[in-house]
**Q** 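Provided herewith is a single structure, encoded as structure tokens, for subsequent inquiry.
Counting from 1, the numbers follow the sequence of the chain as shown.
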Amino acid sequence: MKLQALYKITAVAAALVLAGCGGDINVSPTVNDNSTINNPPPTGGGGDGGGNGGTPNENLCAVHNGIQGAFDGRDCEYNLEFASRSVEVTEDLTFVELPNGGVHVFDGALLIGKDCDTTTSCTIDENGPVVTVEPGATLAFTSGEAIVRVARGAKLNAIGTFDKPITFTSANAFTRFDVVGDGPRFADWGGIIVNGQGITNQCTDAQRDANTCNVPSEGIVSYYGGNDNSDDSGSMKYVKIWYAGSGPRAGGDGDDLNSLTLNAVGGGSSYEFIHVHQGYDDGIEFFGGAANIKHIVVTDTQDDSIDIDSGWQGNAQFIYVKHGTVNIDGVDVYMGNGGFESDGESNAGPDYSQAPASRPTIANVTVVTTDGLSTRDNDPSTAMKFDDNFQGQLYNFLLVKEDVSTNDTRCILFTGDGEKGVVDGDLNFYNSVMACVAENEFNSNQLFADGTSRQEWFDNDGLNIRVGGNASVFAADGFATDMNSSDISIAANDLSELDASFFDSVDYIGAVSSTDTDSEWYQWVQAALAVAEQD
């Protein structure tokens with residue numbers, strides 16, 4: 001069966017709900033060329049890319065180093081002289097919302113700031129350029145080699161609003177740019193890479209002390225890492241990242257481009273109200289650092305939805321992950337490996353004492369898996385995978401799998417030394433529900449090294465429950481946790497003991513509450529799932 005059957009929301013119903021919100025959230029991932037702007041911009045905006053509108057003949061495209069995008073009255077097109085793998089943006093610039101559904105279209109990569117390997121003669125520019133993307137702006141890319149890359153010391157600030165989200169997407173989402181006519185799909189462009197100066201256990205203590213921590217990023221090489229987990233690489237809010245990623249590349253498996261890669265990004269950056277859709281590799285991947293994420297939806301990404309590695313120390317709350325199918329050339333194929341792939345250490349030992357294993361605090365998560373094998377690598381759809389001494393405190397999780405009829409897939413999987421966090425008491429679930437039709441190795445005969453069974457560990461003295469795949473956990477909308485479910489017999493953790501400066505107090509398990517339908521978060525998830533339904 002298809003996972004989409006779980007979701008009873010129709011595209012028409014979703015559109016009606018969103019129209020009632022007064023927002024501009026598109027239900028369809030393919031943009032209608034005949035769209036019009038609901039709030040026409042004022043005339044007189046600056047032609048340097050800093051204005052919010054202008055007369056019909058005014059060039060609204062961004063400009064740097066004396067080069068400006070070409071404005072055809074609707075769209076801004078940026079050639080390889082403006083942005084490419086050989087051109088680095090070294091001054092501030094702004095991308096505005098264009099009138100009449102206009103799009104900023106890039107033929108090549110947008111490299112923000114100067115990349116630097118500090119073992120050579122360069123130094124990191126601590127006051128690098130700031131690229132600002134204004135509410136309602138859309139940036140589209142025509143090539144799988146096209147990435148947005150933020151160098152250490154530079155910033156990308158993409159702060160939209162609920163009514164005017166920012167979109168990074170494939171140019172094929174617009175029929176006027178879709179030369180072949182197949183529409184948008186995963187790997188149409190490369191995704192966003194943010195390189196920070198936070199702590200990652202990919203570098204030794206000696207390298208950090210000598211300012212020679214230079215980790216090459218996956219996919220297309222640039223450098224990240226340092227010793228400042230408070231570093232600020234800019235922030236993103238109310239942003240859609242669709243049809244991105246690639247891989248594996250020259251380095252083989254693992255040398256991939258994700259939809260959003262946070263390389264040692266520090267806690268000065270935050271990522272909120274993000275929807276990642278149909279990426280080829282991971283949705284959001286962390287390599288160390290301490291950036292925080294909140295209100296995140298990842299739908300139909302082929303590999304892992306949230307991938308944690310190399311010592312990430314951040315916080316996360318309100319994450320909705322859905323694995324499903326997409327139609328490619330008339331065939332439905334499965335999307336999704338791990339809802340979470342959680343790795344603690346790239347390296348360990350005395351030479352890495354300054355860089356601990358990944359140890360985030362994560363709350364209010366829903367992961368809905370399938371029994372399918374991902375079209376990317378034929379791997380199964382798994383809610384949680386733990387490896388490499390991952391450590392973490394996990395609150396109010398709802399893990400769902402209703403079908404194992406073909407592939408006997410599982411909800412929680414330990415690989416390598418993933419059990420170490422359990423044995424050492426560093427990995428725990430609290431107030432969480434496993435609603436999986438088959439629990440596989442979660443039985444009384446499967447023991448950790450300390451003699452604890454997997455069941456005992458997950459149950460955590462009754463704080464958590466396992467209710468099976470036929471339990472009723474969703475409300476009539478098909479995605480929000482049913483606050484009246486008789487199968488959810490435990491209470492949520494109100495999170496009052498966690499950091500109140502980040503975590504919101506809650507009274508529900510999972511990412512979304514059935515009694516919260518008026519909130520922006522509920523409607524953000526609803527819109528994201530409506531998009532996934534139409535692929």
Side-chain angles (χ1 to χ4, degrees), residues 88 111-129 149-156 192-235 251 254-255 258 260-271 284-293 307-316 341-361 387-392 417 420-421 424 426:
E88 294 182 312
L111 307 182
I112 304 169
K114 282 189 169 294
D115 188 39
C116 176
D117 176 352
T118 60
T119 62
T120 65
S121 59
C122 71
T123 58
I124 296 169
D125 182 0
E126 300 294 349
N127 296 300
R149 188 270 287 150
V150 183
R152 289 181 287 188
K155 292 182 175 65
L156 171 62
I192 301 172
I193 300 171
V194 185
N195 293 327
Q197 300 183 74
I199 297 171
T200 169
N201 52 44
Q202 293 162 289
C203 287
T204 65
D205 299 343
Q207 287 172 320
R208 269 183 292 276
D209 293 342
N211 194 33
T212 57
C213 176
N214 299 281
V215 185
S217 62
E218 289 185 349
I220 296 175
V221 172
S222 54
Y223 296 95
Y224 65 91
N227 55 19
D228 183 7
N229 259 359
S230 65
D231 185 42
D232 182 359
S233 299
S235 295
D255 187 24
N258 308 301
L260 176 60
T261 305
L262 301 178
N263 286 326
V265 175
S269 297
S270 66
Y271 300 85
I284 301 177
E285 183 161 13
F286 298 89
F287 288 95
N292 297 322
I293 61 173
D307 195 335
I308 300 166
D309 204 351
S310 305
W312 179 50
Q313 304 296 309
N315 296 321
E341 174 152 352
S342 306
D343 300 315
E345 300 167 324
S346 295
N347 297 286
D351 291 339
Y352 301 89
S353 63
Q354 298 171 2
S358 300
R359 192 182 177 91
T361 301
D387 197 4
D388 295 333
N389 189 26
F390 177 80
Q391 303 168 18
D417 59 355
K420 188 176 188 309
D424 292 345
D426 295 319

**Q** What distance do Arg359 atom CZ and Phe390 atom CZ have between them, rounded to the nearest 0.5 Å?
**A**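 Spacing of CZ (Arg359) from CZ (Phe390) equals 10.0 Å.
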
**Q** Are Asn211 and Asn227 close enough that some pair of their side-chain heavy atoms sits under 4.5 Å apart?
**A**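 Asn211 does not reach Asn227 side chain to side chain.
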
**Q** What are the two closest heavy atoms between Asn258 and Glu285, and how far apart are they?
**A**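 Asn258 and Glu285 have their closest heavy atoms at ND2-OE1, 3.1 Å.
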
**Q** Compare all side-chain heavy atoms of Ile192 with those of Leu156 and state whether any distance is below 4.5 angstrom.
**A**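 Ile192 reaches Leu156 side chain to side chain.
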
**Q** Which distance, rounded to the nearest 0.5 Å, do you find between the SG of Cys203 and the OH of Tyr224?
**A**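 Here the interatomic distance stands at 8.0 Å.
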
**Q** Would the distance check show the side chain of Ser230 and the main-chain N or O of Gly267 forming a donor-acceptor pair, the cut-off being under 3.5 Å?
**A**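 Not confirmed, Ser230 side chain does not pair with Gly267 backbone.
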
**Q** By salt bridge (Lys or Arg N to Asp or Glu O under 4.0 Å), which residues pair with Asp209, not counting sequence neighbours?
**A**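 Salt bridge (Lys or Arg N to Asp or Glu O under 4.0 Å) check on Asp209 returns nothing, list empty.
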
**Q** Could you tell me whether the side chain of Ile284 reaches within less than 4.5 Å of the side chain of Tyr271, counting heavy atoms only?
**A**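 The answer is no, as the side chains (C-beta and beyond) never meet within the 4.5 Å cut-off.
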
**Q** Just wondering, do Ser358 and Asp343 contact through their side chains at under 4.5 Å, heavy atoms?
**A**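 Counting from C-beta outward, Asp343 and Ser358 never come under 4.5 Å.
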
**Q** Can you confirm whether Val215 sits close enough to Thr200 that some side-chain heavy atom of one is under 4.5 Å from a side-chain heavy atom of the other?
**A**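 When only atoms from C-beta onward are counted, Thr200 and Val215 do touch, with a gap below 4.5 Å.
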
**Q** Do Phe287 and Glu218 have side-chain heavy atoms sitting under 4.5 Å apart?
**A**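 In short, these two side chains touch, coming nearer than 4.5 Å.
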
**Q** Please enumerate all residues that pass side-chain hydrogen bond (donor to acceptor under 3.5 Å, both in side chains) together with Thr212, with sequence neighbours excluded.
**A**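 In terms of side-chain hydrogen bond (donor to acceptor under 3.5 Å, both in side chains), with neighbours along the sequence ignored, Thr212 is linked to no residue.
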
**Q** Would you say the side-chain atoms of Asp117 and Thr119 include a donor-acceptor pair closer than 3.5 Å?
**A**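 On atom types as modelled, these side chains qualify, holding a pair under 3.5 Å.
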
**Q** Using only atom types and a distance under 3.5 Å, with no angle test, would you say the side chain of Asp231 pairs donor to acceptor with the backbone of Gly198?
**A**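 Pair absent, no side-chain N/O of Asp231 close to backbone of Gly198.
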
**Q** Can you tell me if Asp125 uses its side chain to pair, donor with acceptor, with the backbone of Asn127 under 3.5 Å?
**A**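 Checked: pair present.
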
**Q** Please list, chain by chain and in numerical order, all residues satisfying side-chain contact (heavy atoms from CB on, under 4.5 Å) with Ser270, sequence neighbours excluded.
**A**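 Here the qualifying residues are Ser235, Glu272.
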
**Q** How close do Asp309 and Glu345 get, heavy atom to heavy atom, and via which atoms?
**A**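 Closest pair (atom of Asp309, atom of Glu345, distance): OD1-C, 4.5 Å.
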
**Q** Would you name the heavy atoms of Pro356 and Gln313 that are closest together and state the gap between them?
**A**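 Closest approach of Pro356 to Gln313: CG-NE2, 3.6 Å.
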
**Q** For Asn201 and Ser346, indicate whether the former's side chain and the latter's backbone hold a donor-acceptor pair under 3.5 Å.
**A**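 Yes; at least one donor-acceptor contact below 3.5 Å.
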
**Q** Is the side chain of Trp312 donor-acceptor paired with the backbone N or O of Ala291 at a distance under 3.5 Å, no angle test?
**A**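 Present.
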
**Q** Measuring only between side-chain heavy atoms, which start at C-beta, is Ser217 closer than 4.5 Å to Tyr223?
**A**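 Result no, sub-4.5 Å side-chain heavy-atom pair not found.
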
**Q** Find the distance between CG (Leu262) and CD1 (Ile293) and round it off to the nearest 0.5 Å.
**A**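 Reported to 0.5 Å precision, the distance equals 8.0 Å.
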
**Q** How far apart are the closest heavy atoms of Gln202 and Asn347, and which atoms are they?
**A**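 Where Gln202 meets Asn347 most closely, the heavy atoms are CA-ND2, 3.7 Å.
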
**Q** Please report the shortest heavy-atom distance between Gly234 and Ser269, naming the atom on each side.
**A**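 Residues Gly234 and Ser269, closest heavy atoms: O-OG, 2.7 Å.
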
**Q** Donor-acceptor pair, Arg152 side chain versus Cys116 backbone, under 3.5 Å?
**A**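 Looks like yes, one N/O pair under 3.5 Å.
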
**Q** Among Ile220, Asn263, Ile112, Asp115, whose side chain to side chain contact (heavy atoms under 4.5 Å, CB included) with Arg149 holds?
**A**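 The residue from Ile220, Asn263, Ile112, Asp115 that satisfies side chain to side chain contact (heavy atoms under 4.5 Å, CB included) with Arg149 turns out to be Asp115.
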
**Q** Which atoms form the tightest heavy-atom contact between Gly113 and Ala151, and what is the distance?
**A**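 Heavy atoms only, the tightest pair is C-CB, 3.7 Å.
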
**Q** Is the backbone N or O of Gln354 less than 3.5 Å from a side-chain atom of Asp205, with the two atoms forming a donor-acceptor pair by type?
**A**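 Answer holds: yes.
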
**Q** Would you please name every residue forming a side-chain hydrogen bond (donor to acceptor under 3.5 Å, both in side chains) with Gln207, sequence neighbours left out?
**A**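 Residues passing side-chain hydrogen bond (donor to acceptor under 3.5 Å, both in side chains) with Gln207: Thr204.
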
**Q** Sequence neighbours left out, what passes salt bridge (Lys or Arg N to Asp or Glu O under 4.0 Å) with Asp417? Give chain and number order.
**A**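 So Asp417 forms no salt bridge (Lys or Arg N to Asp or Glu O under 4.0 Å) with any residue.
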
**Q** What residues form a side-chain hydrogen bond (donor to acceptor under 3.5 Å, both in side chains) with Ser233, not counting sequence neighbours?
**A**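 For Ser233 there are no side-chain hydrogen bond (donor to acceptor under 3.5 Å, both in side chains) partners, ignoring immediate neighbours.
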
**Q** Could you verify whether a donor N or O on one side chain and an acceptor N or O on the other, from Asn195 and Ser222, lie under 3.5 Å apart?
**A**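 Side-chain D/A pair, Asn195 to Ser222: present.
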
